[in-house]
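Working notes, beginning with the structure itself.
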Protein chains: 2
Amino acid sequence: MKRTTIKDLSKYLSLSTSTISRALLNDENVHPDTRKRVLEAAEKFNYRPNSTALNLRYGKSKSIGFVVPEMITPFSAKVLQGVQDILYPLGYKVMILQSDENPMRERENLLLLETFNVDGIILNLCHETINEGLYKEIMQRGTPLVFFDRIPAKSLDVSRVIVDDHIKASLMVEHLVSIGCRRVAHIMGPATVRNSVERAKGHKRILTKHGIFDSELVVKTGGTMFEDGKMAVKKLFDKNIEFDGIFAFTDTLAIGAMNHLLEAGVKVPGEVAIASFSGTELSVNVFPQLTSVEQPLVSMGEAAAELVLEKIKDSNAESKNVVLNAELIYRASTLTKKSST
Amino acid sequence: MKRTTIKDLSKYLSLSTSTISRALLNDENVHPDTRKRVLEAAEKFNYRPNSTALNLRYGKSKSIGFVVPEMITPFSAKVLQGVQDILYPLGYKVMILQSDENPMRERENLLLLETFNVDGIILNLCHETINEGLYKEIMQRGTPLVFFDRIPAKSLDVSRVIVDDHIKASLMVEHLVSIGCRRVAHIMGPATVRNSVERAKGHKRILTKHGIFDSELVVKTGGTMFEDGKMAVKKLFDKNIEFDGIFAFTDTLAIGAMNHLLEAGVKVPGEVAIASFSGTELSVNVFPQLTSVEQPLVSMGEAAAELVLEKIKDSNAESKNVVLNAELIYRASTLTKKSST
DNA sequence: CCAGTTTTTGGGAACGTTCCCATTGCAGTA
DNA sequence: TACTGCAATGGGAACGTTCCCAAAAACTGG
């Protein structure tokens, strides 16, 4: 069941392929009657252009890669939605790869995308430094890279999309303090990404400001899955570290932590208030609902897509840093907390 | 920064493109020394074959489409993982499209994939009948379709991957009854997909067997998101329908329902036990953890990928129905329920 | 040393497009 | 009538491969 090609139409209509092509592309150097005949024949035989041939002709693959640490939580899915909203209407394919928070896997993914000839790559990295050399190489070979959420060091000349982690984290911790928390633990993300560090800084800064910072309150985690949140609380329990608030790197960590607290019979927010960064439906689909910094994830994807398109169009386009606004939304997990010490 | 092509190598080594190609493909009709020279040059100039050209040559796009109702919950993400595990190593690209539970959107997605020339499509449909004609057309035009989870009517000759919904649903409802539930509500999925109907049948059959079926216990929903689960419980409350157990179509519905119950101060599982179908991390990352039918989602994806590969290799390969086993896992949401009437 | 065989290499079409550069046909003008 | 100018069409290269077929080179053995 071979698909109809321009050649088929050319034979059928006794016209050259050039004319067919022109008619199909609405080139004006074609007699209206001819165009009509061509279009009718195309319709009749259900002609659709062969995108592979076009890609070869134009030297593009019309596809872009999307590399994320994981797709299990809705985070990447929401960003992806934004990316697709922009790219699909333009005829781009989007290829998704998961790195499982493993820099080696990320490396493989990037190389795979290169062999697939993608026109650009949108990337949420899983380790700030390990693959930096590779990013450079790939860009030198001509494939633009755009980062979102977790971005590489400033030294790398790439476009980035982020929210202001430090400020939003500060505001959130301030909120926890304002409702009466005096021992706000921080469940930190992987220390190998800038985000984690920024948010942790916010936490430290605010608590220090209030004279209530204690380094024991900062718990390091291996990843950002529910499990890691659970483990973090376990650690606090094991070390007998008191806490009446938790500020978590992500909603997944927060939820993992919260569930473990609830299982242990700890009241949330009565005994421990919880807040985190989010932007996904997770924050409202738990009980109690999570107070969080709502990142505009769809917009983040849209912005990243726009940036990569710019770079594809003009490989010398200058890199941009887009900082999106994120809103603090207060929900049940930080409500009805004792409002005085 | 043009990429090195075979022609470049051909010029550099004063060899014909044929010989270069042969050397690169490890064809044995090439002098070992020549091969060595070629490989070295290829290495030196970092030659990598142009996949677009290959695709054109071979008349394939080496890509397959993956169409799902949504990607917000981990369900599709897990299946996708299985799909990718099989397809990426073979050099296939996977293109993901979300239909938002909207048959029209699904239609557009399928047509888009066709224009992208995918070699095959793996599909989780969102309405059993509306697009059936389109499925047929697409297959007639030469693109194989493989369904998983939500499958079309038996009359359509396609490969399918599912679990035995009716049996597993029955077993789960039986479990709820066995722990003492007498009024087991069912939060049904969209009535337009076979799955929903099958699971609802299981629910009805078991309750009828025990003489405790009441059609009022069956709540219809518009979708399968958290919200829909919430709405379902609201409906039961509004209509003043008593219930001491819930069997939900999916974990998302169950969690939405559970959260609403908890917000209303209802004890889970003390006053209402909850169970559902799952297979994702959601079932263990809520409090209390959810008893559920754990579907082997990764395997489901792998199976679907294998099936589509079969069809790609041989367009006349006969269709297969793969039924995967799913395990019932009992967790806190159905524990410590009164064990006698 | 030559005919015959085998190994190694080269030429060029093909995949489906687009687009540059002719070529054709015809109307209008000198 | 002969020429110019323009509209409409056709020819064919190019994108980067593979692979069929032929040609050349390198071996055989008598």
Side-chain angles (χ1 to χ4, degrees), chain A residues 1-39 41-42 45-63 91 114-119 141-143, chain B residues 1-39 41-42 45-63 91 114-119 141-143:
Chain A
M1 185 102 37
K2 213 172 67 50
R3 269 180 40 174
T4 313
T5 72
I6 280 195
K7 279 185 192 169
D8 298 332
L9 296 180
S10 142
K11 258 177 222 150
Y12 176 73
L13 295 170
S14 305
L15 283 169
S16 73
T17 57
S18 323
T19 305
I20 308 281
S21 173
R22 270 189 290 258
L24 258 18
L25 295 178
N26 269 321
D27 186 303
E28 53 177 13
N29 294 320
V30 150
H31 193 94
D33 294 353
T34 312
R35 187 203 320 286
K36 195 159 162 255
R37 282 175 60 218
V38 172
L39 293 182
F45 294 108
N46 190 31
Y47 167 80
R48 267 155 321 130
N50 180 320
S51 56
T52 310
L54 288 176
N55 291 341
L56 181 59
R57 181 74 235 267
Y58 290 125
K60 296 273 166 198
S61 71
K62 273 282 190 173
S63 64
E114 255 197 319
T115 71
F116 282 166
N117 255 313
V118 294
D119 296 336
R141 288 188 216 121
T143 310
Chain B
M1 184 103 39
K2 215 172 67 49
R3 269 179 41 173
T4 312
T5 72
I6 279 193
K7 279 183 192 169
D8 297 331
L9 296 179
S10 142
K11 257 177 222 149
Y12 176 73
L13 295 171
S14 305
L15 282 170
S16 72
T17 58
S18 323
T19 306
I20 308 282
S21 174
R22 270 189 290 258
L24 258 18
L25 295 178
N26 271 319
D27 186 304
E28 53 176 14
N29 293 321
V30 150
H31 193 94
D33 294 353
T34 312
R35 186 201 322 284
K36 196 159 162 256
R37 282 176 60 219
V38 172
L39 293 183
F45 293 107
N46 191 29
Y47 168 80
R48 268 154 320 127
N50 180 318
S51 55
T52 310
L54 288 176
N55 291 341
L56 180 59
R57 180 73 237 264
Y58 290 125
K60 295 273 167 198
S61 70
K62 273 280 189 176
S63 65
E114 255 197 319
T115 71
F116 282 166
N117 257 312
V118 294
D119 297 336
R141 288 187 216 121
T143 310

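Each chain gets a letter, A, B and so on, in the order its sequence line appears, and its residues count up from 1. This structure is a prediction, so every number in the text was calculated from the model and none was measured.
A:R141 has its side chain within reach of B:N46: a pair of non-hydrogen atoms, C-beta onward, lies under 4.5 Å apart. Residues B:R3 and A:N117 meet the side-chain proximity criterion, which asks for heavy atoms closer than 4.5 Å.
Within 4.0 Å (heavy atoms only), B:S21 reaches at least one base atom of the nucleic acid. Contact annotation for B:L54: backbone-only contact, meaning every heavy-atom pair under 4.0 Å involves sugar-phosphate atoms and none involves a base. Across all strands shown, A:I6 has heavy atoms under 4.0 Å from sugar-phosphate atoms exclusively, and none from any base.
The interatomic distance linking B:I20 (CD1) with D:dC19 (P) rounds to 16 Å, in whole Å. If you measure from atom NZ of A:K60 to atom P of C:dG16, you get 24 Å, rounded to the nearest angstrom. The CG atom of B:L13 sits 17 Å away from the P atom of C:dT8 (whole-angstrom rounding). Between B:D27 atom CG and D:dT17 atom C1' the separation is 14 Å, expressed in whole Å. Rounded to a whole Å, the CZ atom of A:R48 is 11 Å from the P atom of C:dT17. A straight line from CG of B:N55 to C1' of C:dA14 spans 16 Å, rounded to a whole angstrom. Here C:dT18 presents its P atom at 12 Å from CG of A:N26, a figure rounded to the nearest Å. B:D33 has its CG atom 13 Å from the C1' atom of C:dT7, to the nearest Å.
Going from atom OG of A:S61 over to atom CG of B:N55 covers 10.0 Å, rounded to the nearest 0.5 Å. For the atom pair A:T115 OG1 and B:N50 CG, the distance stands at 11.0 Å (nearest 0.5 Å). To the nearest 0.5 angstrom, B:T34 atom OG1 is 12.0 Å from B:N29 atom CG. Rounding to the nearest 0.5 Å places CG of B:N26 at 8.5 Å from CG of B:L24.
Phosphate contact (OP1/OP2 of C:dA14, side-chain N/O of A:K7, threshold under 4.0 Å): absent. A sub-4.0 Å separation between OP1 or OP2 of D:dC19 and a side-chain N or O of B:Y58 is present.
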N/O contacts under 3.5 Å, protein versus nucleotides 9-12 of chain D?
from, atom 1, to, atom 2, distance (Å)
D:dT9, OP1, A:T34, OG1, 2.7
D:dT9, OP2, A:H31, N, 3.1
D:dT9, OP2, A:T34, OG1, 3.2
D:dG10, OP2, A:S16, N, 2.7
D:dG10, OP2, A:S16, OG, 3.3
D:dG10, OP2, A:T19, OG1, 3.0
D:dG10, N7, A:R22, NH2, 3.0
D:dG10, O6, A:R22, NH1, 3.3
D:dG11, N7, A:S18, OG, 3.0
D:dG11, O6, A:S18, OG, 2.9
D:dG12, O6, A:S18, OG, 3.1

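Between A:I20 and the choices A:T5, A:L15, A:D8, the side-chain contact (heavy atoms from CB on, under 4.5 Å) rule is met once, by A:L15.
Comparing B:A53 and A:R57 by the nucleotide of DNA chain C whose heavy atom lies nearest to each, the residue mapping closer to the 5' end is B:A53.
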